[in-house]
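Structure first, then comments.
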There are 2 protein chains.
Amino acid sequence: MEDVQPSAGPGDVVAADLERAIHEHRLPPGTKLGEDEIGEVYSVSRTIVRAALQSLAHRRLVELKRNRGAFVAQPTARDAREVFEARALLEPRTARSAAERITDKDLIALQAHIDAEHAALRAGDSGRALYLSGQFHIEIARIADQTTIEAYIRELVSRSSLIIALYWHRRAALCESHAHHALISAFAARDGARAEDLMKSHLLDLVTSLDLRNVVSMPSSLREALAR
Amino acid sequence: MEDVQPSAGPGDVVAADLERAIHEHRLPPGTKLGEDEIGEVYSVSRTIVRAALQSLAHRRLVELKRNRGAFVAQPTARDAREVFEARALLEPRTARSAAERITDKDLIALQAHIDAEHAALRAGDSGRALYLSGQFHIEIARIADQTTIEAYIRELVSRSSLIIALYWHRRAALCESHAHHALISAFAARDGARAEDLMKSHLLDLVTSLDLRNVVSMPSSLREALAR
DNA sequence: GTCGGCATGATCGTATACAATAATGTTGCG
DNA sequence: CGCAACATTATTGTATACGATCATGCCGAC
């Protein structure tokens with residue numbers, strides 16, 4: 001669907017594939033990512049795998065433990081709060097810029113995004129729906145024509161996916177698409193102020209739908225608990 | 001002075017040293033960073049150097065050109081605008097948070113920072129002064145206790161150093177320390193709103209002191225111009 | 001029977017060797 | 001004399017081999 005950069009090496013391909021797998025919760029937080037194992041899957045040497053893992057580690061999607069290996073990151077409750085704090089600073093203003101610059105073509109693309117999201121949801125593919133819902137936020141940054149901020153939002157959205165895997169309890173996934181739909185109508189009206197407000201409350205809704213009080217509950221957490 | 005993480009490998013040391021050299025303008029934008037060359041300087045193999053360069057590339061401090069090598073990044077005027085756009089979104093609110101949480105110990109550390117900045121300036125070490133002036137902004141994010149935002153600001157400050165190397169014309173470096181001094185007084189008064197305003201105008205001052213109209217003027221740019 | 005020390009195995013960290021690509025210098029032809 | 005094709009050299013891209021570190025299982029001692 002989306003092509004990689006023209007001069008992208010095999011490491012980038014591996015990283016992109018792992019990233020999507022993590023994003024879609026096929027690789028849950030805490031999963032060990034052995035270098036030999038991944039290398040065998042993609043038929044590349046450990047050199048390539050290491051480059052990919054380092055790239056993902058820099059984006060905080062995996063944690064690199066020296067002499068122990070790479071693991072899908074397990075954001076703490078504090079990490080979660082920080083991620084949404086950062087999103088609250090970046091995204092509302094970016095949505096405003098997007099609303100002021102959006103073209104009709106962009107609007108159609110955004111609408112198609114939502115439709116695909118709905119379709120995935122109806123098909124029961126919640127992983128893909130979650131992925132697309134994240135892409136929606138990234139698309140807004142792209143429309144705002146801010147590649148630096150887009151890169152940050154991209155990272156924050158990825159981390160949010162991990163956070164959702166760990167702390168999401170309220171299973172109401174429909175609020176998502178409703179918020180996105182409201183955003184689109186603000187975009188269509190070129191109403192920057194409304195888009196900013198909608199994005200702000202959308203992010204607030206997201207963070208309040210998390211349960212950040214108790215500790216991690218994932219399978220491997222007990223091992224992690226005493227390993228450190 | 002500052003220690004690296006306990007479990008930091010040699011690659012991180014190399015990356016940190018290169019980063020500071022770039023930050024202090026000892027490695028100007030466009031400089032070629034040959035792998036063998038760097039490896040010889042630090043007495044490490046190319047494996048380590050490559051990891052360090054990849055890390056720096058991810059932070060946009062160096063540009064990696066496939067089969068061509070690594071070069072100190074040369075942000076475009078557009079990049080410069082985007083960097084300061086992002087800083088404008090992140091730093092003022094972060095300064096407000098910092099003002100609301102700052103301790104007396106933090107205040108002393110910040111003051112020491114400014115003093116060192118002045119000392120470096122008087123000693124004619126403008127590179128070090130610039131480095132310390134960047135550290136000041138990072139320190140504020142640390143005080144605000146937002147490690148995620150701090151990481152972004154760290155990256156943006158580094159890139160700002162490259163932007164200053166390329167687009168800075170007005171040689172008035174004194175406005176810097178004055179603005180930082182005013183910020184400290186707002187922090188001392190725990191005046192979050194004032195800190196936020198001061199940071200906002202400080203960043204505005206910075207970006208307006210740049211000349212983003214004409215193209216890059218660095219030595220290697222002519223070669224770069226037709227290579228692509 | 002349990003705990004501590006030791007041997008074993010697996011995995012990661014690093015260096016090095018080889019292959020591929022791009023830049024450069026040279027040579028021959030027009 | 002200028003240009004183009006080729007050979008050469010240098011540099012990066014990738015794979016693999018070896019060493020170091022940590023986890024695991026075994027065994028003996030208390």
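Numbers restart at 1 for each chain; the letters A, B, ... are given by sequence-line order, proteins then strands.
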Next item on the list: Write down the distance between CG (A:D36) and P (D:dA17), rounded to a whole number of angstrom.
Entry: 12 Å
Item checked: Rounded distance (nearest 0.5 Å) linking atom CD of B:E40 with atom OG of B:S45 -> 13.0 Å
Notebook entry, point to check: Considering only heavy atoms from C-beta outward, does the side chain of B:L53 approach that of B:I38 to under 4.5 Å?
Noted result: yes
Margin query: Rounded to whole Å, how long is the line connecting atom CD of A:E37 with atom P of C:dA10?
Written below: 14 Å
Checklist line | Student check: side-chain heavy atoms of B:M199 and B:T94 closer than 4.5 Å | finding: no
Notebook entry, point to check: Do B:Q146 and B:R93 come close enough that some side-chain heavy atom pair is under 4.5 Å?
Noted result: no
Checklist line | d(CG, B:D12; P, C:dT14) in whole Å | finding: 9 Å
Item checked: Distance in angstrom units between A:E40 CD and C:dA10 P, rounded -> 14 Å
Notebook entry, point to check: Side-chain N or O of B:K65 less than 4.0 angstrom from OP1 or OP2 on D:dG13?
Noted result: no
Check: In whole angstrom, what separates B:E35's CD from C:dT14's P?
Finding: 16 Å
Item checked: Candidates D:dT14, C:dT11, D:dA15 - which lies nearest the side chain of A:P10 -> D:dT14
Notebook entry, point to check: Is the distance from OP1 or OP2 of C:dT11 to the nearest side-chain N or O of A:R66 less than 4.0 Å?
Noted result: no
Next item on the list: Using a 4.5 Å cut-off on heavy atoms from C-beta on, say whether the side chain of A:H113 contacts that of A:H180.
Entry: no
Next item on the list: Round to a whole Å and report the spacing from CG of A:N67 to P of C:dC12.
Entry: 10 Å
Next item on the list: Please determine, for the side chain of A:R68, which listed nucleotide (C:dT14, D:dC22, D:dT12) has the closest atom?
Entry: D:dC22
Next item on the list: Would you check if B:E85 and A:T148 make a side-chain contact, meaning some heavy-atom pair closer than 4.5 Å?
Entry: no
Item checked: Within residues 46-54 of chain B, residues whose heavy atoms come under 4.0 Å of DNA chain D -> B:R46, B:R50
Check: Nearest to the side chain of A:S45, which nucleotide is it out of D:dG13, D:dT21, D:dA15?
Finding: D:dA15
Check: Quick check: does any side chain N or O of B:Y131 sit under 3.5 Å from a backbone N or O of B:R20, one acting as donor and the other as acceptor?
Finding: no
